[in-house]
Amino acid sequence: MWRGLLLKGTTCLLQVSAQSFLHQRHASSQCYRFLTHRSVHKLQETSCIPRLRSTDVFQSHNLLRNYKKDAKSTVEFPLSPITVTDIKQYLRSKDILFHDGYSCLHIPSIFIDAFTRKDSFSLFIDKTTGQFLCKDTLVEGSWEDLQDCLEVMQKDEQDSLSPHVLLGYPESLEEQEETEREQREVREIWSSSLPFTDLHDEEAQLVKAMFRITKISNATLKKFGVRLFKPTKSLVFPWFGGPDSSLKGIKLLSAQRTDGEKVTYHEATLPKCSSYFNLFGLALVSRMDSEVVVTGSELDTLAVSQGTGLPSVALPRGVSCLPPALLPYLEQFKRVTLWLGGDIRSWEASKLFSRKLGLRRCTLVRPGEFQPCPLEALSQGKNLSRIVKASIPAAHKSIVSFKQLREDVYGELVNTDQVAGVKWTRFPELNRILKGHRKGELTVFTGPTGSGKTTFISELALDLCMQGVNTLWGSFEINNVRLAKIMLTQFAMQRLEENLEQYDFWADRFEELPLYFMTFHGQQNIKAVLDTMQHAVYLYDINHVIIDNLQFMMGQENLSVDKFAVQDHIIGVFRKFATNSSCHVTLIIHPRKEEDDRELQTASIFGSAKASQEADNVLILQEKKLVTCPGRRSLQVTKNRFDGDVGIFPLDFIKSSLTFSTPIKGKHKLRKVAAKPENEEEVQGNEVTAKKDEGKKEKATKTAKASQAAKCPANRNNKAK
């Protein structure tokens, strides 16, 4: 908790800070943990910046600019990674009983008195990150925070601690005003919205038809507290939480019909998406319930509850993310059925989320023609209880038969476009060759030095990020501030240096993208990078990781080992990570030195052949260095494991927006400036000399005629008229 709040005020400083400063910040943050004199004394012994105050950071920070970006934009792996074995050993050393749950360890809460808690194991510790949450008091924090609390209890011989013992960074005035404004808007919208039972029957049926929920009864809508906000014709889904089950936020859902019968939904949350952690339907779950159906939308949860009678909850961000902060609320269930939708994307998300929730208790509803999303299944009159009972276990099998793969194969044949992956909007020619961006693949990208590899990949990744692909950037060559500046320019499609009045507008929009940055810079150890990637995939459900570039991870390895063997090891690590994490990894590798007039090939990639062998896709940014006019760059796909199509297409670089685009055919003709072969020099030299002599004669003739015309009086009079 303290680390996230500290980062919240100093994100821009962290992105460019050295590793030594990061270490100092980690040590000095202990001064905000406790009010006790003991902790202050401890701070004086260990802190590198003992006099740091909250106002100091914000005042120095505001001298530059009052940034609103929160700490989630940068990904830092803990300086001392924790494992579940370490957590268990520490708890045993403190004689603390614990239950080994599916994704968390359960211990008695130390924030309520011993008589009240009795045998209630209501404090949950995440097995992967060590983050803890007390469900009774909603106190949360890091593993280091919990350790300090336990140490204080032991030294002071206390049975419990106050829930207010953990101190966080105070919010700035702007943040306080924003929080108050959001809460005021939540209360105003909720109070002015109407339950469906208060609407006229005709109006209620019209709204249901618009959202395609005609099969959902008013009783179900009332049960979940769903209302209608008339000014925007939006459904309002409440978020009740906290010990007093108060209203913490809302989600507004609007519907718009497109061509035909298709309905497009638009969501808006208060507070903003990054702070919205509502498991819709959780307030209706009893502590005795042992089974739950998890869906990807609130409307699907309504359908499951009405069609099966089972407890059902909806993920706050759909199939894009399962925040670890929600895992403690799902620990009580022995069986979790993931029915996230009826397409391939929801199926992939179900398999990914089951790893977080615990494979042995999860079952998955396979999407298909007879098993669409819950809302459609209810509208079609299908038996939802039968579909839930027919869900398949998520546990891994070492050996499978075609009978088990048959439905997966059929699903790929039916949903060819979805299987092909996310399409690029800025690079249609790349869609024609690669068909799309797919999870679990490894892409190797290379190009000549100075050709614009980082600039091109940043736009390629930005294109996907704008479509909801959670992206993690690992830039070891240029710092994060410069990279963010490049991507913001590409996002705005203009140079903001010349339009500073538009900066806040574009920065606010850019801030909402699911984009994160590693804080590494320069040479790094592969283990530290891999740990950070795994941490980010678990915490933020990252789908795309960009590593720029491979050579910066080879310098930290053992110098006595052959450099090609080191490179093969690193590539193998990234290949395994992409497969096991179902995450696409784009790896930039510098090429070998080639002649300027020679195009790069797959064999030009630095190192052994393992890079091209392990890669699913190989992209080469070709550059004709002996050409001066636009259109000298092109992108070549030399390997495509998905369907084998390869090809090349030209690119234009637009300097004003730092973007690449496919030029119009025939727009540019390449003009070489290199010298001709020696046997042609003499002939061409004579031709050039003759042309120069003819040009001089023509120029002399024109000059003579002009002088004669100037001397003629008649001509002067005509000119005067």
Distance (rounded to the nearest 0.5 Å) between D417 CG and D343 CG: 12.0 Å
Straight-line distance of K88 NZ to T83 OG1, nearest 0.5 Å: 10.0 Å
L338 side chain near L357 side chain, heavy-atom distance below 4.5 Å: yes
Atom of V585, atom of A578 and distance for their closest heavy-atom approach: CG2-CB, 3.9 Å
Under 3.5 Å donor-acceptor, T129 side chain and Q131 backbone: yes
Residues S109 and D136: side-chain donor-acceptor under 3.5 angstrom: no
Heavy-atom pair with the smallest gap, counting every atom of W347 and P367: CE3-CD, 3.5 Å
Side-chain (R227) to main-chain (W190) donor-acceptor, under 3.5 angstrom: yes
Non-hydrogen atoms of K127 and G101 that approach each other most closely: NZ-O, 2.6 Å
S192 side chain vs I189 backbone, donor-acceptor pair below 3.5 Å: yes
Expected output: side-chain R366 to main-chain L364 donor-acceptor under 3.5 Å: no
Closest non-hydrogen atom pair, A349 against V319: CB-O, 3.6 Å
Partner set under ring pair (Phe, Tyr, Trp, His ring centres under 6.0 Å) for Y90, not counting sequence neighbours: W143
Non-neighbouring partners of V573 that pass side-chain contact (heavy atoms from CB on, under 4.5 Å), sequence neighbours left out: I526, L530, H569
Rounded distance (nearest 0.5 Å) linking atom CG of L228 with atom CZ of F196: 5.5 Å
Expected output: side-chain Q418 to main-chain I344 donor-acceptor under 3.5 Å: yes
Selection residues 263-305 - residue pairs positive for ring pair (Phe, Tyr, Trp, His ring centres under 6.0 Å), sequence neighbours left out: F224-F280, F237-F280, W239-Y276
NZ (K94) with more than 12 external heavy atoms under 6.0 Å: yes
F574 side chain near V545 side chain, heavy-atom distance below 4.5 Å: no
Minimal non-hydrogen separation, C321 against N470, with atom names: CB-ND2, 4.5 Å
Contact check, side chains of L315 and F353, non-hydrogen atoms, under 4.5 Å: yes
Within-4.5 Å side-chain heavy-atom neighbours: V294 and L322: no
Any side-chain heavy-atom pair of L539 and H535 under 4.5 Å: yes
Spacing of L375 atom CG and S297 atom OG [to the nearest 0.5 Å]: 7.0 Å
pair V409-F402: side-chain heavy atoms closer than 4.5 Å: yes
Under 3.5 Å donor-acceptor, N278 side chain and P238 backbone: yes
Minimum side-chain heavy-atom gap E376-K382 below 4.5 Å: no
Worked check of side-chain contact (heavy atoms from CB on, under 4.5 Å) between L299 and L253: CA-CA 10 Å; L299 297 181; L253 182 69; 3.9 Å; yes
Chi angles and distances behind the side-chain contact (heavy atoms from CB on, under 4.5 Å) call for L302, I213: CA-CA 9 Å; L302 298 176; I213 56 173; 5.7 Å; no
Separation of I110 CD1 from L146 CG (nearest 0.5 Å): 5.5 Å
K356 charged N/C atom sitting above Y538 aromatic ring, 6.0 Å / 45°: yes
Worked check of side-chain contact (heavy atoms from CB on, under 4.5 Å) between L252 and V236: CA-CA 5 Å; L252 296 173; V236 183; 3.5 Å; yes
Which atom of M518 lies closest to which atom of T532, heavy atoms considered: CG-CG2, 4.1 Å
Whether K208 side chain and I216 backbone form a donor-acceptor pair below 3.5 Å: yes
Pairs where residues 319-342 contributes a residue and the test side chain to side chain donor-acceptor pair (under 3.5 Å) is met, not counting sequence neighbours: S103-E331, H106-E331, E291-R335, R335-S391, T337-T363
Salt bridge (charged side-chain N to carboxylate O under 4.0 Å, His left out) contacts touching residues 299-324 (sequence neighbours left out): none
Flag, side chain of T179 to backbone of E175, donor-acceptor distance under 3.5 Å: yes
Flag for K389-N383: side-chain donor and acceptor within less than 3.5 Å: no
side-chain hydrogen bond (donor to acceptor under 3.5 Å, both in side chains) against D289, all qualifying residues, sequence neighbours excluded: none
Full working for side-chain contact (heavy atoms from CB on, under 4.5 Å) between F124 and D126: CA-CA 7 Å; F124 297 84; D126 192 295; over 6 Å; no
Any donor-acceptor pair under 3.5 Å from T416 side chain to L413 backbone: no
T197 side-chain N/O to P195 backbone N/O, donor-acceptor pair under 3.5 Å: no
Neighbour count above 12 (heavy atom, 6.0 Å) for K215 NZ: no
L464 side chain reached by N543 side chain, heavy atoms, under 4.5 Å: no
Euclidean distance, L384 CG relative to Q371 CD, rounded to 0.5 Å: 10.0 Å
